[in-house]
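Heads up, the thing below is written out as structure tokens.
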Amino acid sequence: MNFYFFHLMPYGVLEQSVVDTYGSTWTQTPNSFYDPEEGRKLYERYLNELEAAEHLGFDGICVNEHHQTAYGLMPAPSIIAAAMVSRTKRVKIAIVGHGALLRNNPVTVAEELAMLDNISGGRIICALVRGIGTEYYIWQVNPTYSFERHREAHDLIIRAWTEPGPFAFEGKHFHLPYVNPWPRPYQQPHPPMWAPSNGSSETVEWAAHADRKYTYLQAFGSMASSERYFNLYRKFAAAQGWTPTPDKLGWLGPVYVAESDEIALRESKPHIESFFNRFILKPVQSSFPPGYTSIESLRMIRERHSYIQSGGQQAETVMKEGVFICGGPDTVRRQFDTLISQFGVGQVMANLQFGTLPHDLTMKNMRLFAQEIIPYFKEKAASRRSAAE
Amino acid sequence: MSIELKAADIDVNGRAVRIYRGGAGRPVLYLHGNDGPDSAMPALQRLAQRFDVVAPVHPGFGGELPEWLDGVHDYAYFYLDLIATLGLAPVHLVGQSLGGWLALEMAVRHPQAAGSITIAGSAGIHLRNVPKGDPFFWSPEKLIQHLFADPALVTEWLERERTMTSAQIEQRLRNQRALARVAWSPPLYNPNLGKWLHRVQIPTHIIWGEQDRMFPIDYAHAFKQMLPRSVLTVMPGCGHLVQLESAEAFAGHVAAFIEEVAP
């Protein structure tokens, strides 16, 4: 049972009125609203928060990649990972994830991660992602090739890490006559691989394939969708002739723990609502460019007008759906107990800073999570193990 | 009076395509824009009184993406095959928006296949510092507001947008996917096309809505300079979809030009 501290590093000082004017922080809000002095302070604060996770007893920390948005200040996640490699000694560092397919040459991702893996002595976890829809507009990568280009970038990176070079990679999107990166990863044959998704049966099936057995991360989903996709993962794995262990199922989402349910809601409400209604907010067409996902999924999103990233969210609603786990220690334990004991989750990525949540509340949230949640489930897992023995 | 075009599914060297065909006379091949041939149907029914009108649905539009489709060059070769299969050469090519771009891509490759070319609100080239519309990034509402000159049409189409059926939404999504496959990047143009437009040594008619806000009128003037035997007809009171916004006048301009250059 592993617990990670997941950070998005938002530009939390952005005013709501700015986003109201421009519609979305993704692509549309002018970067003149980025104040370098504020930004420098935020980087220092966020790096300190990530570093604190090691001292508080988290198993790892997670960084990620997003472009041209106040939602996250990590367009180059390897840079944050490198900073954390220097600042920490023990924790795993998961890059959740790299949009390798967006690059002209995904071998650069293989190189960066291999460097980090060597310098950190094998503490790197790799997740390759397709990126969010807006990133296809920014990079001008054709979204109708999203799936096949993503898979090709993945195959290229795995081969670059595992196959003696130089070899020729002859793909449709990447044709590289000479692939022979130095260094090779420290972990052999390569760092652990995770596959995050908001919920996509294609991704679940791909991750559960016997050739990969990658940890599937259900990210920012409801309890109902988590249950559905974890069951689907087990079904695909069974069809492939293997049984997933808990470390193959991961949950990623915002969490707030306080002394009581009432205090937790009061302290977190404005900040979680800023996360949904200010930072993640985007128009549907910018999240889902043509061909980015199946016609059927796109049609349902268009028809239901129920897209979680289109604003107007209340803390109470996202709590009810289990997208946001919030409450006193007992409430939060109960929710994680559903995920862990019922759904079989063995990896939790807790997003303990979201939107405008200030440093003092972030640290309080992290401390309570580390005191009240992590040991409880670690002990439970240990007693389950000894009972099994 | 207008003549109905009848649907038929045909095979072009092992590749399937739906065409609408009607009328008799010299052959006209109409290549549609972003939304399929529907928006042109009233104009095409008029043209069918004087011509043998063939209007295909670009493979991928309304359906699955064909395996062979990676760019406009694939459409260009496919339609040159279609002209050969149906024995239409020399055909009078008429293309709107994406369709205009396809007609030009065909003509630079095989100028003899066409007797004349008419492009309307055509994609295919890029002028620095003349911003184009963005049919992908813009919301459906913003797109509609930029498509028409007539405010009544904007209102009508916004209302239609709010009352779309599942089947209509699905068709739209399929059309957008096919358009994105060939025109996502570079956005709605081929940087190499302009180098070869001198090869289009056949009569070319450029029709443009004076208030086109997808491809502003500067694009019409640029095409006029690049296409050696071209004439320009500007349609006042029209936006990007001239074939829809003024179907009768559009059909009249198309017919008059073809009859003048190929009597």
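All figures in this text were calculated on a predicted structure; none of them were measured in a lab.
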Self-check item: Heavy atoms from other residues, nucleotides or ligands near CD of B:Glu67 exceed 12 (cutoff 6.0 Å)
Solution: no
Quiz item: Quick one: what part of A:Tyr136 sits under 4.5 Å from any heavy atom of chain B, side chain, backbone, both or neither?
Solution: both
Exercise. Go through the steps to decide whether B:Glu170 and A:Leu298 satisfy the test side-chain contact (heavy atoms from CB on, under 4.5 Å), and finish with yes or no.
Key: CA-CA 8 Å; B:Glu170 187 169 325; A:Leu298 288 173; over 6 Å; no
Practice problem: Give a yes or no on whether B:Leu158 atom CG has more than 12 heavy-atom contacts from other residues, nucleotides or ligands under 6.0 Å away. | Solution: yes
Exercise. Measure A:Thr27 against the heavy atoms of chain B and call it side chain, backbone, both or neither at under 4.5 Å.
Key: side chain
Exercise. Mind listing the closest non-hydrogen atom pair of B:Gln176 and A:Pro290 along with its distance?
Key: O-CB, 3.5 Å
Self-check item: Reported CD1-to-CZ distance for the pair A:Ile295 and B:Arg172, which is rounded to 0.5 angstrom
Solution: 12.0 Å
Exercise. Can you establish whether the number of heavy atoms outside B:Lys6 located under 6.0 Å from its atom NZ is more than 12?
Key: no
Exercise. Side chain from CB out, backbone as N, CA, C, O: work out which of these in B:Asn175 comes under 4.5 Å of a heavy atom of chain A, or both, or neither.
Key: neither
Exercise. Please look at B:Leu143 and chain A and tell me whether the side chain, the backbone, both or neither of the residue comes under 4.5 angstrom of a heavy atom of that chain.
Key: neither
Quiz item: Does atom CG of A:Asn104 have more than 12 heavy-atom neighbours, drawn from other residues, nucleotides or ligands, at distances under 6.0 Å?
Solution: no
Show me the side-chain donor-acceptor pairs of residues 123-137 of chain B shorter than 3.5 Å, one per line, residues at least two apart or across chains.
unit_1, atom_1, unit_2, atom_2, d
B:His126, ND1, B:Lys132, NZ, 3.1
B:Lys132, NZ, B:Ile125, O, 3.4
B:Lys132, NZ, B:Pro187, O, 3.2
B:Asp134, OD1, B:Phe136, N, 3.0
B:Asp134, OD1, B:Phe137, N, 3.0

Quiz item: Mind checking which of residues 138-150 of chain A sit less than 4.5 Å from chain B, heavy atom to heavy atom?
Solution: A:Gln140, A:Val141, A:Asn142, A:Pro143, A:Thr144, A:Tyr145
Quiz item: From A:Arg299 CZ over to B:Gln168 CD, what is the distance, rounded to the nearest 0.5 angstrom?
Solution: 12.5 Å
